[in-house]
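The structure appears right after this line, and notes come after that.
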There are 2 protein chains.
Amino acid sequence: MNDQLLHHHTLKVSCSSCSLRELCLPVGLNRDEMSQLDAVIRQSRRLKRGEYLFRSGEGFRSLYAVRTGFFKTCVASQDGREQVTGFQMSGELMGLDGISANVHGCDAIALEDSEVCELPFNRMESLGREIPSLQHHFFRLMSREIVRDQNVMLLLGNMKAEERLAAFLLNLSGRLASRGFAANDFILRMSREEIGSFLGLKLETVSRTLSKFAQQGWISVDHKHIKLDQPDSLKTLVSGCSQAHSH
Amino acid sequence: MNDQLLHHHTLKVSCSSCSLRELCLPVGLNRDEMSQLDAVIRQSRRLKRGEYLFRSGEGFRSLYAVRTGFFKTCVASQDGREQVTGFQMSGELMGLDGISANVHGCDAIALEDSEVCELPFNRMESLGREIPSLQHHFFRLMSREIVRDQNVMLLLGNMKAEERLAAFLLNLSGRLASRGFAANDFILRMSREEIGSFLGLKLETVSRTLSKFAQQGWISVDHKHIKLDQPDSLKTLVSGCSQAHSH
DNA sequence: TATTCGCCTTGACTAGCATCAACCAGTCCA
DNA sequence: TGGACTGGTTGATGCTAGTCAAGGCGAATA
């Protein structure tokens with residue numbers, strides 16, 4: 001699976017030692033534009049583990065960028081089945097699905113104590129009209145989400161349990177690595193059931209498949225602590241079923 | 001399944017007896033804005049059945065709105081597996097996934113002789129800066145695509161073959177009805193295999209499930225000609241597993 | 001009219017994942 | 001300290017949908 005499977009729109013950060021607000025900014029703005037944007041982004045909000053950032057059906061006003069922590073977004077069916085639609089880590093955006101109907105289309109739940117920046121959408125929209133690169137950035141972010149979703153469809157529609165899980169682990173690994181964390185040694189923030197919901201599998205299948213990978217020596221599993229001992233073996237498993245990229 | 005499962009961004013039409021260009025417009029523009037937009041939308045392009053509108057990997061320049069006809073969009077994995085990501089009918093948009101990387105992320109193929117309007121994205125973007133309602137319209141279109149994709153994930157991740165197919169038929173029915181066609185008597189434009197690819201099923205399963213529905217008296221199947229004789233039975237089947245909508 | 005081809009249907013069999021159930025480890029709380 | 005609870009693992013079994021295969025129908029072609 002390519003990098004984009006779960007790879008949410010990362011908002012590029014313009015400096016490393018940055019204020020709360022600067023974290024949520026795209027690059028390429030001049031000083032004046034930066035301060036305009038800065039005025040629009042609201043103070044960040046803290047959430048405890050398990051807390052809802054927003055719920056499906058609530059009025060939509062803002063997008064949210066993860067500053068620290070970890071989230072899941074999910075849609076629920078009428079009879080209570082839950083489909084996790086994504087996991088978001090720092091720099092990634094939530095709430096784009098709310099624009100269409102002015103109502104949030106999914107739940108966003110913190111999987112650990114977290115902090116988000118709030119981006120009031122009206123203001124971002126009007127600011128986009130003044131700053132073309134910002135407008136373009138937003139179109140790209142939304143498009144990236146669509147590409148990610150297409151890759152999830154490919155995963156859910158075509159791949160076997162082992163391929164799904166391997167793709168999932170590699171995707172997490174890549175996103176952590178791009179944030180400066182260890183690529184091959186990490187802690188899962190979500191339960192087996194949540195992984196299963198995202199991948200279209202039952203929790204037992206997730207558990208069994210992890211055990212199988214461990215038994216082959218490809219990974220080490222200690223509860224939520226995962227080590228990728230042979231990431232290439234995982235890559236071999238998903239090569240072929242990931243999206244083809246023409247050049 | 002709710003209306004949005006496959007329901008692509010319909011571009012609202014401002015008048016009924018309209019020119020080529022007017023078909024692709026959103027509402028709410030004044031005369032002057034209309035003519036600006038009119039200047040940007042290129043003459044429509046005709047495609048024969050089986051022809052590619054664009055291919056994954058090609059440079060992205062424009063979005064395309066279906067004027068007449070029927071399309072599928074699909075992504076291919078490296079080993080040749082194909083996942084149909086959607087079917088588009090008149091008024092629906094294709095190409096939104098190309099914005100993120102300036103490269104088309106899927107193939108778009110005409111399933112019958114068709115006609116599209118081309119919307120050069122650069123120009124639409126700059127026009128959006130001048131016409132706020134147009135900019136907002138585009139954000140909403142992209143968001144709607146994201147919502148649709150989430151619903152497909154719910155379908156692929158949680159639903160059984162019968163539920164998927166019932167949801168598919170009801171969705172098609174609704175979209176046809178909203179265009180003034182008969183809701184319960186229509187011709188499928190795609191093969192069993194394409195339906196299966198979209199729904200994460202094999203063509204034999206699609207065929208068997210259609211036969212099962214027919215045997216129960218819920219639908220009539222004559223090759224690609226489908227009648228929904230008891231649409232409520234299909235609705236019962238999917239009620240529960242469609243997305244919950246809070247109020 | 002016969003021929004071929006694409007698309008579909010149906011049957012028999014199988015594989016992969018779900019389901020059901022038992023049990024274990026860690027954690028919270030009384 | 002003990003009990004209950006949550007989340008995870010593993011095994012046994014069953015069912016759904018996939019696979020393989022044969023054959024039908026209609027359209028296009030010669």
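First the proteins, then the strands, lettered A, B, ... as listed; each starts at 1.
- Within 4.0 Å (heavy atoms only), B:G196 reaches no atom of the nucleic acid at all.
- A donor-acceptor contact closer than 3.5 angstrom links the side chains of A:S44 and A:E115.
- Taken from NE2 in A:H104 to CE in A:M94, the straight-line distance is 10.0 Å, to the nearest 0.5 Å.
- In this structure, NZ of A:K212 is placed 13 Å from C1' of D:dT10, rounded to the nearest angstrom.
- Distance check, rounded to the nearest 0.5 Å: CD1 of A:I146 to CD of B:E145 gives 5.0 Å.
- Taking atom CG on A:N158 and atom C1' on D:dA17, their separation rounds to 14 Å, with Å as the unit.
- With the end axes of the helix from C:dT1-D:dA30 to C:dA30-D:dT1 each set by five pairs, the angle from one to the other reads 30° at 10° resolution.
- Reading DNA chain C from its 5' end, the first and the last nucleotide to sit under 4.0 Å from a heavy atom of chain B are C:dC8 to C:dA12.
- Looking at B:E162 and B:T209, their side chains never bring a donor and an acceptor atom within 3.5 Å of each other.
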Dump every N/O contact between nucleotides 6-9 of chain D and the protein below 3.5 Å, one line per pair.
unit_1 : atom_1 : unit_2 : atom_2 : d
D:dG8  : OP2    : A:R192 : N      : 3.3
D:dT9  : OP1    : A:R192 : NH2    : 3.0
D:dT9  : OP2    : A:R192 : NE     : 2.8
D:dT9  : OP2    : A:S207 : OG     : 2.7
D:dT9  : O5'    : A:S207 : OG     : 3.1

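- Using a 3.5 Å distance cut-off with no hydrogens or angles, the side chains of A:D229 and A:S220 do pair a donor with an acceptor.
- Rounded to whole Å, atom C1' of D:dT16 lies 7 Å from atom NZ of B:K160.
- With A:Y52 as the aromatic partner, A:R55 meets the cation-pi criteria of under 6.0 angstrom to the ring centre and within 45 degrees of the ring axis.
- Here the rule is salt bridge (charged side-chain N to carboxylate O under 4.0 Å, His left out) with B:E112, and of B:R49, B:R46, B:R189 only B:R189 fits it.
- No side-chain donor from either of B:S77 and A:Q243 sits under 3.5 Å from a side-chain acceptor of the other.
- Counting only heavy atoms from C-beta outward, the side chains of A:F198 and A:F168 approach each other to under 4.5 Å.
- Contact detail for B:P231 and B:N184: the closest heavy-atom pair is CG-OD1, 3.9 Å.
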